[in-house]
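I have placed the structure first, in the form of structure tokens, so that the comments after it can refer back to it.
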Amino acid sequence: MIEDDNDDATFLQASLRRQGAQSVDLVRVESMADAIVNLRQNPFDIVLLDLNLPDSTGHDSVHRVQSTDPSVPIIVLSGDENEEFAIEILNRGVQDYLVKWEGDGRTILRSIRYAVERKRGEERLSFLAQYDSLTEIPNRRHFTDQLERATTRARRSNKRIGVLFLDLDRFKAVNDTLGHQSGDELLSMVVERLKTCVRSGDLLARLGGDEFAVMLEDVDGPLSIEAAAKNILTAFEKPFQVGPRQVSTTTSIGITVFPNDTGDPMALLNNADLAMYQAKEDGRNNFKFFEQRMHEEILAYHQIETDLGKALARDEFTLVYQPQIGLADNKIHALEALLRWNHPERGLVLPGEFISVAEESGHIVPMGMWVLERVCKQLKDWERRAMPLLRVAVNVAPASLDQPDFHRNVEAIIGRYGVDPQLIDLELTEGTLMRNSDAIQETLRYLKMIGVRISVDDFGTGHSCLNYLRQFPIDVLKIDRSFVMDLGRNEHGTAICGLVLSIARSLSLEVVAEGVENETQLAFLAKHNCDYVQGQHFSMPVKPEELPDLYRIRGTTNDRGHLSESEVVKALSI
Ligand code: C2E
Ligand code: MG
Ligand code: MG
């Protein structure tokens, strides 16, 4: 009881005693200063608080009790009944309100009991609202609340705050293969380990899923933050014992510093998140400090995404074609269709800038269909104009291949234009094929059956096991440009290109080398029996109207072993 008035105190004590509340162990103090000393020393079940004390009054009294012991329930004692004030005080987290001299000991006791219970309920609720139920560490809300407070403190004291955003690497795989329960177990163990990495003043929180955050207050600068990040990475080096299994997992960490990167506390987590993505892109299991550039990149990315959404409808895409030259006869055997985007404001945009955005946003699927359709239309047009009908390679994105009706759609489009399926070559990247699912296998078999050719694009970049080469019905390997570029420059290029060519030979696959730019590369490829080359040395991709000139200069062959309809017509008319 914090009550300076002796009469009031005595009356209350007497009422309680009359009720037989011997078990109530009442400690009375007469000032807020004494109250605070007592509250700090002992845990009390409840505080009966008079608001008009010699050294504290009104809301201030409530606040001082609450900040000394946030978990103690409070009943305010007041001299008069003032409804408005009562409601207001209850809104400030006080559990009850008693008018002095009113009510007997029983009412007071009941009020005490209710107040204690209500406080407990409130605490439980706020715990649930502020803590993660699985790991019992603070959740995102608690973290952002604390972060906001910490930034106010840091601003006042001119200190810095480090914010670390952690995301476990490939946690989804653990969840998918071992099940959710093991996933949860792993998360709990991760938290135990993370706890050993943070100092007592640091705040560790689970933001959701496999994402965690750490707030480091009072840091001197990036070096000590870096040290903390390194600590965390080290903590993940030993595998975790999940049930009977040892599971290894790593984490990627994005770091931002307040107030260096931003003065806005809410933007801090976002920045750290962006930096975390960068850490993932840089190969995971590492950390990355936020840079303003990342923010600009994200903005540009969103702009591209928005614009891509309209590009098809506005007919902003076109195709260019790059010839593939046969090394045996030096003639053009085939073409690769490559997308170009005529952006209304930015002009010509190359695939390097928009394909990955299109893949992430899903726009790539309709775009891919558009490409195939445009190629078929083009082939029909060439046929009508009696141009050489060469096979055209079309790039297929992973997401397209994942469409359950992809093969049917391809068949339908080819059929609609009446194009010979052997004129279509679908380029799939190595990454797509490495997923090696039954569904992909079936799709490819179907496509093969209708006569379409299948190539593996960017071959060699997937550091794969090469099993899929045997499993899938593949016709062609395309050596990635980066390896061709290394030819004659270093051992690596020579080794890889040589290896691909010998693998291809052993599996009876054809090989196309991409990005051939000079004689050295060409000489090596020719010497090792590469079938086709594609690259600047012969021609960069060109607009369809430039093809006739190229054809005239180099000559063309089609490898299909029989003449197309138009060629027959042409032959007969001579
Ligand atoms: P890719 O399929 O590996 O295509 C080869 C890329 O290398 C093309 O770039 C081509 O212009 C470029 N290239 C060819 N020879 C040389 C050379 O000698 N030197 C240099 N420096 N570059 C050369 P592009 O057209 O910018 O396309 C880049 C990538 O974008 C393609 O790589 C492909 O993965 C993707 N892409 C292009 N069009 C499509 C499409 O219609 N659908 C899908 N899904 N992806 C596409
Ligand atoms: Mg390609
Ligand atoms: Mg390629």
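Counting convention: from 1, in listed order, for ligands and their atoms alike. Just so it is clear, the values below take in all heavy atoms, side chains as well, and ignore hydrogens, waters and symmetry mates.
- Checked by atom type and distance alone, the side chain of Asn270 never pairs as donor or acceptor with a backbone atom of Asp273 at under 3.5 Å.
- Residue nearest to atom 22 (N) of ligand 1, selected from Glu336, Gln322, Arg481: Arg481 (by heavy-atom distance).
- Side-chain contact between Val516 and Phe524: absent, with no pair of heavy atoms (C-beta onward) separated by less than 4.5 Å.
- The aromatic rings of Tyr446 and His407 sit perpendicular, their planes meeting at an angle over 60°, well past the 30° parallel limit.
- Looking at Val396, Ile355, Leu428, it is Ile355 that brings a heavy atom closest to atom 36 (N) of ligand 1.
- Heavy atoms from both the backbone and the side chain of Asn395 come within less than 4.0 Å of ligand 1.
- Ion pair Arg416/Glu373 flagged as a salt bridge, since at least one NZ, NE, NH1 or NH2 atom sits closer than 4.0 Å to an Asp/Glu carboxylate oxygen.
- A salt bridge is defined here as a Lys NZ or Arg NE, NH1 or NH2 lying under 4.0 Å from an Asp or Glu carboxylate O, and Glu383 with Lys380 meets this definition.
- Tested against Asp307 for a side-chain hydrogen bond (donor to acceptor under 3.5 Å, both in side chains), the candidates His302, Arg314, His343 yield a single pass: His343.
- Distances from the Mg ion (ligand 2) to each N, O or S atom of Glu427 single out OE1 as the nearest.
- Per-residue contacts place Gly515 under 4.0 angstrom from the following atoms of ligand 1 (heavy atoms of the residue considered): 15 (N), 16 (C), 17 (C), 18 (O).
- Not a single heavy atom of Lys478 sits closer than 4.0 Å to an atom of ligand 1.
- By the side chain to side chain donor-acceptor pair (under 3.5 Å) test, Asp402 pairs with Arg435, sequence neighbours left out.
- Within the 4.0 Å heavy-atom cutoff, Pro541 counts among the residues contacting ligand 1.
- Among the heteroatoms counted here (N, O or S) of Glu336, OE2 is the one nearest to the Mg ion (ligand 2).
- Minimum heavy-atom separation, Gly515 to Val484: O-CG1, 3.8 Å.
- A salt bridge does not link Lys377 with Asp381: none of the charged nitrogens is closer than 4.0 Å to a carboxylate oxygen.
- The atom of Asp457 nearest to the Mg ion (ligand 2) is OD2, with the search restricted to N, O or S atoms.
- The Mg ion (ligand 2) has an N, O or S atom of Asn395 inside 2.8 Å of it.
- Contact between Leu269 and Ala213 at its shortest, heavy atoms only, is CD2-CB, 4.4 Å.
- Using a 4.0 Å cut-off between heavy atoms, Met367 makes no contact with ligand 1 at all.
- Atoms of ligand 1 lying under 4.0 Å from any heavy atom of Gly535, numbered from 1 in the order shown and given with element: 15 (N), 18 (O).
- In this structure, Glu336 pairs ionically with Lys478, as a charged nitrogen and a carboxylate oxygen lie closer than 4.0 Å.
- Under the 4.0 angstrom criterion for non-hydrogen atoms, Leu350 is not in contact with ligand 1.
- Of the listed residues (Leu338, Asp457, Leu319), the one carrying the non-hydrogen atom nearest atom 2 (O) of ligand 1 is Asp457.
- Residue Gln536 touches ligand 1 through backbone and side chain together, judged by heavy-atom distances below 4.0 Å.
- Classification of the Phe317-Phe354 ring pair by plane angle, with boundaries at 30° and 60°, yields tilted.
- Between Lys448 and Asp475, at least one side-chain N (NZ, or NE/NH1/NH2) sits under 4.0 Å from a carboxylate O, which counts as a salt bridge.
- Taking any N or O of Asp458, backbone or side chain, at least one lies under 3.5 Å from an N or O belonging to ligand 1.
- The nearest non-hydrogen atom to atom 28 (C) of ligand 1, considering only Ala399, Ala393, Pro351, Ser455, comes from Pro351.
- Only the side chain of Glu514 comes within 4.0 Å of ligand 1, judged by heavy-atom distances.
- Within the listing of ligand 1, atoms 41 (O) sit less than 4.0 angstrom from a heavy atom of Val371.
- Atoms of ligand 1 lying under 4.0 Å from any heavy atom of Glu517, numbered from 1 in the order shown and given with element: 17 (C), 18 (O), 19 (N), 20 (C), 21 (N).
- Contacts of Ala397 with ligand 1, taken as heavy-atom pairs under 4.0 Å, involve both backbone and side chain.
- Residue Arg340 places a heavy atom less than 4.0 Å from ligand 1.
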